Amino acid sequence: MSAATKEIVGLMEILPESDQNLALELVKKLVLAWDPDYTKVTQNEREQIDAAMEEIRNGETVCHDAIKWD
């Protein structure tokens, strides 16, 4: 969690619950305005996706049949 996110959470916790709900709705509206169809990824998500794709390219994956599922 970034320092800014921690600061926002800390500030939210100071507010009365009714104002926390109002702030939450505002954050939801901001996120929807930024990414209305939820297709964007955060920097952390991008790094995880890139790392996973690199593992796939390098053959560093486990075959589905090699997993004992029961």
Side-chain angles (χ1 to χ4, degrees):
M1 186 181 312
S2 73
T5 302
K6 289 178 184 176
E7 183 178 358
I8 290 168
V9 170
L11 291 170
M12 290 274 296
E13 289 177 339
I14 295 170
L15 295 172
E17 189 172 340
S18 61
D19 290 338
Q20 287 181 17
N21 293 333
L22 178 63
L24 176 60
E25 292 305 314
L26 174 61
V27 170
K28 287 179 184 179
K29 286 183 185 275
L30 290 171
V31 169
L32 285 173
W34 173 69
D35 187 11
D37 55 1
Y38 294 101
T39 58
K40 295 181 182 178
V41 295
T42 65
Q43 181 62 33
N44 185 43
E45 290 168 330
R46 170 55 45 210
E47 291 167 3
Q48 291 176 349
I49 292 168
D50 291 345
M53 294 304 292
E54 185 67 23
E55 289 176 1
I56 291 169
R57 280 191 291 276
N58 294 335
E60 300 170 357
T61 58
V62 176
C63 176
H64 182 81
D65 295 331
I67 299 172
K68 185 175 181 180
W69 294 98
D70 45 88

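Numbering of residues begins at 1 and proceeds along the displayed sequence. Model, not experiment: these values are computed from the prediction.
Side-chain contact check for M12 versus I8: some heavy-atom pair is nearer than 4.5 Å. Residues E25 and N21 form no side-chain contact, since every pair of their non-hydrogen atoms from C-beta on lies 4.5 Å or further apart.
Hydrophobic clustering (ILVMFWY, side-chain heavy atoms < 4.5 Å, transitive): V41 and M53 are in one cluster. Y38 and V27 end up in the same hydrophobic cluster when Ile, Leu, Val, Met, Phe, Trp and Tyr side chains are linked at under 4.5 Å.
Shown here is E45, whose CD atom has more than 12 heavy atoms of other residues, nucleotides or ligands within 6.0 Å. Heavy-atom contacts from other residues, nucleotides or ligands closer than 6.0 Å to CD of E60 number more than 12.
Heavy-atom minimum distance, K40 versus W34: NZ-O, 2.6 Å.
Side chains of N44 and T42: no donor on one and acceptor on the other come within 3.5 Å.
Taking CZ of R46 as the reference point, atom CG of D50 lies at 5.0 Å (rounded to 0.5 Å). From L30, atom CG reaches atom CG of L26 across 4.5 Å, with rounding to the nearest 0.5 Å. If you take CG on L32 and CG on D37, they are separated by 10.0 Å, rounding to the nearest 0.5 Å.
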